[in-house]
Participant: 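Before we start, here is the structure in question, set down as structure tokens.
Computed over heavy atoms, backbone and side chain alike; hydrogens, waters and symmetry mates excluded. Sequence lines set the chain letters: A, B, ... in the order given, protein chains first and strands last, and positions in each chain run from 1.
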Amino acid sequence: MLQVVCIKQVADTETRVKVASDGRTLDPTAVTWILNPYDEFAIEQALRIREAAGAGEVVVLSLGGAGVQTTLRNALAMGADRAIHLKTDGAPPEPLQVARAIAAELKGLDARLLWFGKQAVDDDAAQVPPMVAELLGHPCVTVVAAITLSADATQAVAEREVEGGREVVEVTLPAVLSAEKGLNEPRFASLKGIMAAKKKPIDEKAVTLAPPALEVVSLALPAARSPGRIVGQGAAAVPELVRVLREEAKVI
Amino acid sequence: MAILVFIEQKGGLVRTVAREALGEAVRLAATLGGPVVGVCAAAADPGLAALGEAGASELLLATHASFGHYEPAGYARAVVAAVEKVKPAVVLFSASAMGRDLAPRVAARLGVGLAADCTGLAVEGGRLIASRPVYAGKAVQRVAFTGAPALVSLRPKVFAPAPAQNGGAPAVTPLAIEHDPAAARARVLEVRTGSAGKVDLTEAEIIVSGGRGLKGPENFAMIEALAAALGATVGASRAVVDAGWRPHGDQVGQTGKTVSPKLYVAVAISGAIQHLAGMSSSRCIVAINKDPDAPIFKVADFGVVGDAFEVVPALTEAVKALNARG
Ligand SMILES: Cc1cc2nc3c(=O)[nH]c(=O)nc-3n(C[C@H](O)[C@H](O)[C@H](O)COP(=O)(O)OP(=O)(O)OC[C@H]3O[C@@H](n4cnc5c(N)ncnc54)[C@H](O)[C@@H]3O)c2cc1C
Ligand SMILES: Nc1ncnc2c1ncn2[C@@H]1O[C@H](COP(=O)(O)O)[C@@H](O)[C@H]1O
């Protein structure tokens, strides 16, 4: 069974955000690039399914500039079999552009499970997985926190997190799934894995993106919250805290 | 041109997030013009006529026996059918669990852009501009749309629900759609609700969250007691969730839930950037921490420097006393 995991290279969440001189994008100079944390759960799950079956292939796919190959190598070091790099240049594409390019590539592959992260922690869009599913006409379960595959691998039962509980959804393969934290505990790449990854193939393909459906007008630091104040020390501060919450903030 | 609002219902009741989206639609209509039309997918009418007072002039209702719970394919078809009928300039969703799943599907079907999880909308030179937090809330992106309609999902609890106005009873028009659940190849087997009676973090008016400084899971009893006094829902930092003290569903932050309650109380939480990502759009933030240099104080409106084991019980008693006075 072929599984594809779509992974995105993102700025480390610790990154100090500096806006580039264009006023619309992140200044990349001081950025540490990492594999999107949610995508790690997706990779891990695909690997576990392959391992449980004792057969099959896990392909990782990423769209982006030349730099994303380091992230693809990380995924190969975790245990993915091979990688596809959809090569773009220029400004970061918006979700529909990404989804269209990924869907076009996936159309040519006979993947049974198409894995994604719940959302990318840079743009926090959570759009690409359902969009790809729609474009391919596949069913899709987002925010998956648990999954069981049927013995014949034609169906899966996935649990997704919603407000106040979990939805249990039965889905027929091929299907798009997006991974939530808690799905599993992703493995670290072993030294052996890192060595092996160097020899695994990355298939580079230049893509031409569709015109953007969204246009970034500006990127700016958020308006600073008006400075707060320390109302006091220890339990003695409680009466004053209650007073300000009631009389000034009017929240209790 | 019209503004279309997806009216989210759950268990046969219109959800508050739908009223928030309607409220924003009414505000937008003041500048963009045009009627505000709602579209709802449900097993039966969840009392849509009542939304006239919230500013909707017409409501389109797609019904199907399977629409008692969220049916992505059918719901998406309903919204697309409404878009084809109404030809709106803007379609608003809530960035609730349902909206975050549904809106991208509709965007892909229509081939238009979606600005997700927005915290502000503006009209500049006749163009809709959506503001959305990115990079863990460390920056705000403003986006415009190159096509129509413009799809937007709104972060829950950020936009004020539509105030009751003297709107008339709107027309509730059936919206005919073809929906075959079997063809969707995905079906909900069951919906497991969490702890009964607990208000979900994303819907809570008040949240009391505890962090690693509480030293052990047993000490969350203190947090539960304060939450009970305030009518709040309990949240947690990732450190606490990773340690297994609290379930994952309680986690607030970048890899947890994004919340915007009117009051957020952070107890013994340092205020790491990934935690702030999930709660800095709260209206009022209170921090209780023994370290005066903890970063949480930088975002807190009100801080108490002190030992949580002293401050929290005292605060609980004070709130109880306040409640008793009414
Ligand atoms: C990719 C990524 C994603 C992440 N996502 C999240 C997320 O979604 N949510 C999240 O919360 N974190 C997240 N984190 C983790 C985050 O970086 C912090 O490690 C975490 O928030 C720390 O939790 P804490 O504040 O409870 O613990 P600590 O940082 O250990 O802070 C404990 C605090 O308690 C105080 N304290 C100790 N004793 C007392 C006492 N008796 N009374 C009062 N105060 C006391 C201390 O002064 C300290 O400030 C993420 C990290 C990464 C790398
Ligand atoms: N450039 C990309 N290349 C590959 N996968 C991507 C890319 N962008 C987004 N994805 C996938 O889509 C998920 C959600 O991303 P987003 O919709 O941007 O929040 C990510 O977790 C990835 O799995």
Side-chain angles (χ1 to χ4, degrees), chain A residues 11 13-14 17 26 37 94 96 99 121-127 130-131 134-135 139-143 157 161-172 181-182 211-222 225 228-235 237-239 241-242 244 249 251-252, chain B residues 96-97 100-101 104-105 107-109 112-117 129 134-147 184-194 200 202-203 230 248-249 254-255 262-263 273-274 284 299-307 310-311 314-315 318-319 322:
Chain A
T13 53
E14 303 284 350
V17 168
L26 180 69
E94 53 84 22
L96 186 58
V121 302
D122 50 359
D123 66 3
D124 284 324
Q127 292 193 33
M131 283 178 161
E134 288 291 334
L135 295 170
C140 167
V141 189
T142 56
V143 200
V157 173
E161 303 256 356
V162 296
E163 291 99 355
R166 276 187 177 194
E167 260 173 31
V168 185
V169 186
E170 183 186 65
V171 62
T172 304
K181 178 177 181 264
L214 290 178
E215 192 184 293
V216 177
V217 179
S218 68
L219 181 74
L221 301 185
R225 284 184 79 96
R229 66 174 194 265
I230 302 292
V231 298
Q233 316 277 326
V238 165
L241 177 63
V242 170
V244 295
V251 288
I252 62 171
Chain B
S96 58
R100 291 217 94 176
D101 187 274
R105 297 178 191 255
R109 287 185 186 204
V112 298
L114 163 67
D117 201 23
I129 310 276
V134 290
Y135 301 113
K138 284 181 286 184
V140 179
Q141 190 184 54
R142 286 163 50 86
V143 298
F145 301 81
T146 60
R185 283 170 285 135
R187 70 190 172 105
V188 176
L189 299 179
E190 67 171 306
V191 180
R192 282 191 209 137
T193 44
D200 191 73
T202 57
E203 295 167 350
L230 286 168
H248 174 250
Q254 186 172 36
T255 42
K262 68 174 186 193
L263 174 61
I273 186 70
Q274 299 91 352
C284 177
V299 299
D301 299 280
F302 305 110
V304 174
V305 177
D307 186 350
E310 288 169 21
V311 180
L315 181 56
V319 173
L322 202 65

Participant: Is chain B contacted by the side chain of A:A126, its backbone, both, or neither, given a heavy-atom distance below 4.5 Å?
Facilitator: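 For A:A126, heavy atoms of backbone and side chain both lie under 4.5 Å from chain B.
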Participant: Could you walk me through whether B:F145 and A:E215 satisfy the side-chain contact (heavy atoms from CB on, under 4.5 Å) test, starting with their C-alpha distance in whole Å, then the side-chain angles of each, then the deciding distance to 0.1 Å, before giving a yes or no?
Facilitator: CA-CA 6 Å; B:F145 301 81; A:E215 192 184 293; over 6 Å; no
Participant: Any idea which heavy atoms bring B:T146 and A:P212 closest together, and the distance?
Facilitator: OG1-O, 2.8 Å
Participant: In the structure I gave you, are the side-chain heavy atoms of B:T202 and B:S96 within less than 4.5 Å of one another anywhere?
Facilitator: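 In short, these two side chains do not touch, never coming nearer than 4.5 Å.
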Participant: For each of A:E167, A:K181, A:M131, A:E161, tally heavy-atom pairs with chain B at distances under 4.5 Å, and name the one with the top tally.
Facilitator: A:K181
Participant: Mind ranking A:G228, A:A213, A:P239 by heavy-atom pairs under 4.5 Å with chain B and telling me who comes out on top?
Facilitator: A:A213
Participant: Tell me which of these, B:G147, B:A314, B:A139, has more heavy-atom pairs under 4.5 Å with chain A than the rest.
Facilitator: B:A139
Participant: Taking all atoms of both residues into account, what is the closest heavy-atom pair of B:Y135 and A:A11, and its distance?
Facilitator: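 Scanning both residues, the minimum pair turns out to be CE2-CB, 4.5 Å.
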Participant: Is chain B contacted by the side chain of A:L214, its backbone, both, or neither, given a heavy-atom distance below 4.5 Å?
Facilitator: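 Contact with chain B involves both backbone and side-chain atoms of A:L214.
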Participant: Sort A:I230 into side chain, backbone, both or neither according to what part of it lies under 4.5 angstrom from a heavy atom of chain B.
Facilitator: both
Participant: Minimum heavy-atom separation for A:P222 and B:G137, please, with both atom names.
Facilitator: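 Closest pair (atom of A:P222, atom of B:G137, distance): CG-O, 3.5 Å.
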Participant: Is it the backbone or the side chain of A:L96 that comes under 4.5 Å from a heavy atom of chain B, or both, or neither?
Facilitator: side chain
Participant: Return the option, out of B:V191, B:V134, B:D301, with the maximum number of heavy-atom pairs under 4.5 Å with chain A.
Facilitator: B:D301
Participant: Measuring heavy-atom distances to chain A, does B:T255 have an atom under 4.5 Å in its side chain, in its backbone, in both, or in neither?
Facilitator: both
Participant: Which one, B:V112, B:D307, B:I129, B:V319, leads in non-hydrogen pairs under 4.5 Å with chain A?
Facilitator: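 Looking at each of B:V112, B:D307, B:I129, B:V319 in turn, B:V112 comes out on top.
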Participant: Could you tell me whether a side-chain N or O of B:K262 sits under 3.5 Å from a main-chain N or O of A:A249, the two making a donor and an acceptor?
Facilitator: no
Participant: Taking A:L241, A:L135, A:V141 one by one, which has the highest count of heavy-atom pairs under 4.5 Å against chain B?
Facilitator: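 Top count of heavy-atom pairs under 4.5 Å with chain B: A:L241.
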Participant: Given heavy-atom pairs under 4.5 angstrom as the criterion, report whether the side chain, backbone, both or neither of A:V143 touches chain B.
Facilitator: neither
Participant: Would you mind telling me which of A:E94, A:E14, A:R229, A:Q233 has the largest number of heavy-atom pairs within less than 4.5 Å of chain B?
Facilitator: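 Among the listed options, the one with the most contacts to chain B is A:R229.
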Participant: What residue, out of A:V231, A:V242, A:L221, has the most heavy-atom pairs lying under 4.5 Å from chain B?
Facilitator: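 Option with the greatest count: A:V231.
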Participant: Which heavy atom of B:K138 sits nearest a heavy atom of A:T13, and at what distance?
Facilitator: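 Heavy atoms only, the tightest pair is NZ-O, 2.5 Å.
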Participant: Checking heavy atoms, do the side chain of B:A144, its backbone, both or neither come under 4.5 Å from chain A?
Facilitator: both
Participant: Mind ranking B:R105, B:E190, B:R109 by heavy-atom pairs under 4.5 Å with chain A and telling me who comes out on top?
Facilitator: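 The answer is B:R105.
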Participant: Look only at the side chain of B:Q274 and the backbone of B:A136, and say whether a donor-acceptor pair between them is shorter than 3.5 Å.
Facilitator: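 Not at all, since once roles are kept as given, no pair shorter than 3.5 Å links the two residues.
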Participant: Taking all non-hydrogen atoms of both residues into account, name the closest pair between B:V304 and A:G234 and its distance.
Facilitator: CG1-O, 3.7 Å
Participant: Highest number of heavy-atom pairs under 4.5 Å with chain A: which of B:D101, B:V311, B:L263, B:L230?
Facilitator: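 Looking at each option in turn, the highest pair count goes to B:D101.
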Participant: Does any heavy atom of chain A fall under 4.5 Å from the side chain of B:I273, the backbone, both, or neither of them?
Facilitator: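 Just the side chain, heavy atoms under 4.5 Å.
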Participant: Among B:P104, B:A107, B:A108, who wins on heavy-atom pairs under 4.5 Å with chain A?
Facilitator: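 The answer is B:P104.
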Participant: Please name the pair of heavy atoms, one in B:A116 and one in A:A125, separated by the smallest distance, quoted to 0.1 Å.
Facilitator: CB-O, 3.6 Å
Participant: For each of A:A220, A:G165, A:A235, A:P211, tally heavy-atom pairs with chain B at distances under 4.5 Å, and name the one with the top tally.
Facilitator: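 The option with the most such pairs is A:A220.
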Participant: What part of B:L114 lies closer than 4.5 angstrom to a heavy atom of chain A: side chain, backbone, both or neither?
Facilitator: both
